[in-house]
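Structure, as structure tokens:
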Amino acid sequence: MNRTSFSLFAALWLAGAGAVSAVENTPLPPGKLRTSGSASAVYGGNGALTVTINRPHSNPEIRIFAPEGGKYWDMSRGKYFAADVTNLSHDRQARLFLLLRTEVPGNKGHLNAGIALNPGETRTLRVALPHQWKYATPGKIPGQRTIDTARIVSIDFNLKGWYEPLEPELVRCRLSNIRLEGKLTPEENASPIHIKDFYPFSDLYGQYVHGDWPEKIHSDADLKKEFEREKAELAASVRPAEWDEYGGWKNGPQLAATGSFRVEKYKGKWYFVDPAGHLFFSHGLDVLIKHTDPVKIDGHEHWFPAEIKPWVYSHRGATCYQATERSLQVKYGKKDYDDDFYKTLAKRLEHWGFNSVGDWGSPDLMAQGKTPYTLQLTDFDWTMPRLGKKFYDVYDPVYQDKMKNLFKIAAERNPMVYKSVDDPMCIGYFIDNELDFGNRRNFAFLRDVMTASADKPAKKAFVAGLRVKYGTVEALNKTWETGYRDWEALLSSNTVPKSRGLRIDMEQFFSRTVELYFRMCRDAVKSAAPNRLYLGCRFLSLDATRPELAVPCAKYADVSSSNIYGHTPANFRVEGMPDRPILIGEFQFSTCLPGRGRFAPNIVAGSTEKERATAYLRYLQGALLHPNIVGAHWFQFRDQPLTGRSDGEGFQTGFVDIADTPYREMTTISREIGENMYRYRINGKYSDGMKSE
């Protein structure tokens with residue numbers, strides 16, 4: 001592609017914001033920076049900006065405003081926003097998060113992207129600009145996100161989702177040649193709003209009609225041709241030479257073979273150890289099922305072609321269409337294709353370098369017996385008594401009874417749960433996903449307990465503990481600076497006193513509550529499957545770095561699982577945390593518009609599949625060199641639907657698209673990782689690729 005680069009200053013000049021010389025690399029002028037938290041920025045030669053971040057917990061950020069004479073950055077004439085980024089560290093990865101901010105409040109008005117770099121590495125952070133004038137569509141489509149690129153308030157760099165330690169120069173990068181690439185000419189009537197025949201915008205395969213890309217399926221013949229190509233590739237593929245029958249390091253050290261997966265620290269790094277006694281790093285994919293979220297078509301049937309009618313069905317009272325179902329029937333030449341699909345999927349995983357089935361995998365895939373797997377005994381159960389937004393009242397007998405019978409309940413839903421007890425391919429079990437434990441100071445937890453009704457089990461347990469501690473309500477009143485007439489008055493109260501004594505007592509109750517939760521989860525696993533691992537609750541990344549959560553989790557869980565949505569986990573905090581193995585349950589990257597005919601990006605890591613694959617490589621390299629991380633699972637196997645799942649997400653998240661076509665750049669890099677990950681982890685040095693001396 002022939003890209004013409006021109007500076008942001010040139011863009012301002014072309015938009016009439018002022019006479020700015022249209023040279024290719026114009027330094028950002030001094031005086032237009034604003035820093036916050038522990039972030040600092042210093043201009044150097046050629047306008048390069050050296051960015052330093054010391055304390056991620058102080059919400060560090062560098063904001064770059066338009067030059068004098070212009071209120072906004074006008075990026076409406078650029079195809080891409082780009083900046084060259086150099087990691088100035090000599091020994092650790094760095095990540096940096098980009099935010100192009102508009103005046104529209106919330107995420108819908110901004111573009112998020114990011115990059116991770118190895119020590120000393122320079123790469124370009126490049127994102128396609130989702131111009132309103134070019135990509136806005138008629139009507140309201142779930143998940144659609146375009147921005148007013150003519151009115152960018154600021155270019156921000158930060159560490160969104162921070163989970164790193166409080167270290168000096170945690171990030172030290174040089175930003176240079178900030179620019180727009182690929183000159184565009186904004187035109188009236190250029191966006192899909194003005195396409196005469198915009199509807200239907202989804203084709204029979206679930207793809208966007210008004211766009212094209214290399215892997216796009218245009219006919220059933222395309223589906224069959226692509227499948228024949230892939231079948232030949234899979235037939236010629238051989239298993240990575242370093243793997244044993246479980247995907248562990250066949251040529252590595254021989255440890256005790258117990259017949260089950262376990263965890264052990266070896267030469268300063270944690271590992272899974274497979275049943276044969278070999279070191280095992282869990283390289284996996286989530287949601288390994290034949291197709292994902294159904295698309296509801298009620299009320300917007302005009303989005304879809306009339307040809308979908310034979311595949312329309314009723315799901316939970318709604319009329320739905322599953323585009324992938326039709327594509328798979330065509331590929332396999334029959335309606336009942338499940339066995340063929342999962343045999344192919346097992347071979348795909350091996351060929352792509354994956355040795356693990358992550359969360360929400362299909363029992364049909366696990367039953368193939370080819371790939372070690374994890375199981376979810378329960379995702380968050382919204383029918384259970386709750387405390388707050390997304391946490392249980394663990395003191396409620398209804399919840400406690402469920403936990404005592406959790407394994408049986410899960411097995412009734414999924415027969416693989418019973419089989420897993422004696423199946424050496426089973427790594428272990430997750431319980432729950434991304435619970436809401438509240439913020440670090442427990443304000444929400446305090447409020448939820450104190451404002452609860454008198455018959456709420458959690459509140460009764462809190463007050464019962466206070467009675468033991470204080471003996472009399474008068475002693476409590478003295479410490480809390482309150483005036484309750486008796487214990488029943490405290491139980492019945494729904495106010496939250498501003499008292500340091502209350503806060504101390506509530507912090508202690510919070511600790512007891514969290515410990516009780518993890519203990520019940522551990523017991524639910526070990527009482528039924530003592531030889532399987534309890535893999536934790538799949539923290540959101542920041543929660544896993546909170547000692548009040550990490551300590552009780554480590555006390556009861558064999559592995560702490562965390563969903564780390566950043567561009568690298570390399571600097572994931574371990575200082576002050578229990579020395580326990582960490583399994584990354586989710587992470588992902590997507591390209592940005594107009595890449596693959598999607599309406600919105602998610603965690604952006606470039607504008608091409610090659611850039612997305614490099615981001616995947618850097619993430620896994622960061623995970624492999626982290627002493628506590630024992631695996632990383634990508635979310636998810638397949639792209640989400642174009643028109644969004646039930647919560648509106650419609651992101652390019654997959655290793656295969658909605659028509660089941662693999663993203664070859666991603667599968668190629670994942671194979672390179674799978675083949676070399678054990679030697680890379682032992683070697684302990686960053687390199688551009690996975691093969692290191």
* Y616/F655 aromatic ring centres below 6.0 Å -> yes
* So, T568 versus Q93: side-chain donor-acceptor pair below 3.5 Å or not? -> yes
* Has R681 got its NZ or CZ under 6.0 Å from the middle of the six-membered ring of Y271, at an angle within 45 degrees of the ring axis? -> yes
* **Donor-acceptor pair between S541 and D543 side chains, under 3.5 angstrom** => no
* Charged N-O contact under 4.0 Å between R229 and E226 -> yes
* For the rings on Y313 and Y321, is their centre-to-centre separation under 6.0 Å? -> no
* To do: For residues 215-251, pull every pair meeting ring-ring contact (aromatic ring centres under 6.0 Å, His included), keeping only residues two or more places apart or in separate chains.
  => F227-Y332, W249-Y678
* To do: Inspect the surroundings of NZ in K343 and state if more than 12 heavy atoms from other residues, nucleotides or ligands are less than 6.0 Å away.
  => no
* Is it true that R664 and E609 have a side-chain N and a carboxylate O under 4.0 angstrom from each other? -> no
* Asked: Salt-bridged, E675 to K691, with N to O below 4.0 Å?
  -> no
* Heavy atoms of other groups near K231 NZ, more than 12 under 6.0 Å -> yes
* Is there a donor-acceptor pair closer than 3.5 Å between any side-chain N or O of K216 and the backbone N or O of G211? -> yes
* To do: Could you tell me whether the side chain of L117 reaches within less than 4.5 Å of the side chain of T122, counting heavy atoms only?
  => no
* Asked: Does R671 make a cation-pi contact with W352 (under 6.0 Å, within 45 degrees of the axis)?
  -> no
* Flag for N628-D579: side-chain donor and acceptor within less than 3.5 Å -> yes
* Asked: Do F539 and L549 have side chains that get closer than 4.5 Å, going by heavy atoms?
  -> yes
* **Q588 and Y565, any side-chain heavy atoms less than 4.5 Å apart** => yes
* Checking T374 side chain against G428 main chain: does a donor-acceptor pair fall under 3.5 Å? -> no
* Between R638 and D660, does at least one N-O distance fall below 4.0 Å, as a salt bridge requires? -> yes
* To do: Could you tell me whether K290 sits above the aromatic face of Y337, with NZ or CZ closer than 6.0 angstrom to the six-membered ring centre and within 45 degrees of the axis?
  => yes
* Asked: Has K370 got more than 12 heavy atoms of other residues, nucleotides or ligands less than 6.0 Å from its NZ?
  -> no
* side-chain contact (heavy atoms from CB on, under 4.5 Å) partner of M366, the single match among T371, D423, L375 -> L375
* **With sequence neighbours excluded, residues passing side-chain contact (heavy atoms from CB on, under 4.5 Å) with D293** => P641, R645
* Asked: How would you list all residue pairs meeting salt bridge (Lys or Arg N to Asp or Glu O under 4.0 Å) that involve residues 235-258, not counting sequence neighbours?
  -> R239-E350, E242-R679
* Would R618 and E121 pass as an ion pair if we require N to O under 4.0 Å? -> yes
* Asked: Is it true that F407 and Y429 have ring centroids separated by less than 6.0 Å?
  -> yes
* Just checking, is any N or O donor in the side chain of E233 or H351 under 3.5 Å from an acceptor N or O on the other one? -> yes
* Asked: Any donor and acceptor pair, going by atom type alone, linking the side chain of E325 with main-chain N or O of Q322 inside 3.5 Å?
  -> no
* Asked: Within the side chain of H626, is there an N or O that forms a donor-acceptor pair under 3.5 Å with the backbone of F572?
  -> yes
* To do: Please examine the side chains of Y266 and P253, heavy atoms only from C-beta on, and report whether any two atoms are closer than 4.5 Å.
  => yes
* Do the side chains of L255 and H278 get nearer than 4.5 Å, heavy atoms only? -> no
* Distance-only donor-acceptor check, side chains Q376 and D359, under 3.5 Å -> yes
* Yes or no on side chain to side chain donor-acceptor pair (under 3.5 Å) for T591 and Q652, after CA distance, side-chain angles and deciding distance? -> CA-CA 7 Å; T591 58; Q652 181 217 21; 3.0 Å; yes
* Check: S670/H283 side-chain N/O donor and acceptor closer than 3.5 Å -> no
* Please check if the side chain of S561 supplies one atom and the backbone of L535 the other of a donor-acceptor pair under 3.5 Å. => yes
* **Atom pair CD1/CG of I564 and L540 - distance to nearest 0.5 Å** => 10.5 Å
* Asked: Okay, side chain of S420, backbone of C426: is any donor-acceptor separation there less than 3.5 Å?
  -> no
* Would you say F281 and N355 make side-chain contact, with heavy atoms under 4.5 Å? -> no
* Residues R326, D220: salt bridge by 4.0 Å N-O rule -> yes
* Asked: For S260 and R532, does a side-chain donor sit closer than 3.5 Å to a side-chain acceptor?
  -> yes
* **Output field: ring centroids F587/F635 closer than 6.0 Å** => no
* Can you tell me if N433 and N563 form a side-chain donor-acceptor pair at under 3.5 Å? -> yes
* Taking the side chain as every heavy atom from C-beta outward, state whether L159 and V171 have any pair of such atoms under 4.5 Å apart. => yes
* To do: For the pair D340 and K334, find out whether any cationic side-chain nitrogen is under 4.0 Å from an anionic carboxylate oxygen.
  => yes
* Hey, does the side chain of S562 reach the backbone of R538 with a donor-acceptor pair shorter than 3.5 angstrom? -> no
* To do: Evaluate the ring planes of F589 and Y619, with Trp represented by its six-membered ring, and classify them as parallel (under 30°), tilted (30 to 60°) or perpendicular (over 60°).
  => perpendicular
* Do E665 and R612 touch side chain to side chain, with heavy atoms closer than 4.5 Å? -> no
* Asked: Cut-off 3.5 Å, side chains only: do Q636 and D286 have a donor facing an acceptor?
  -> no
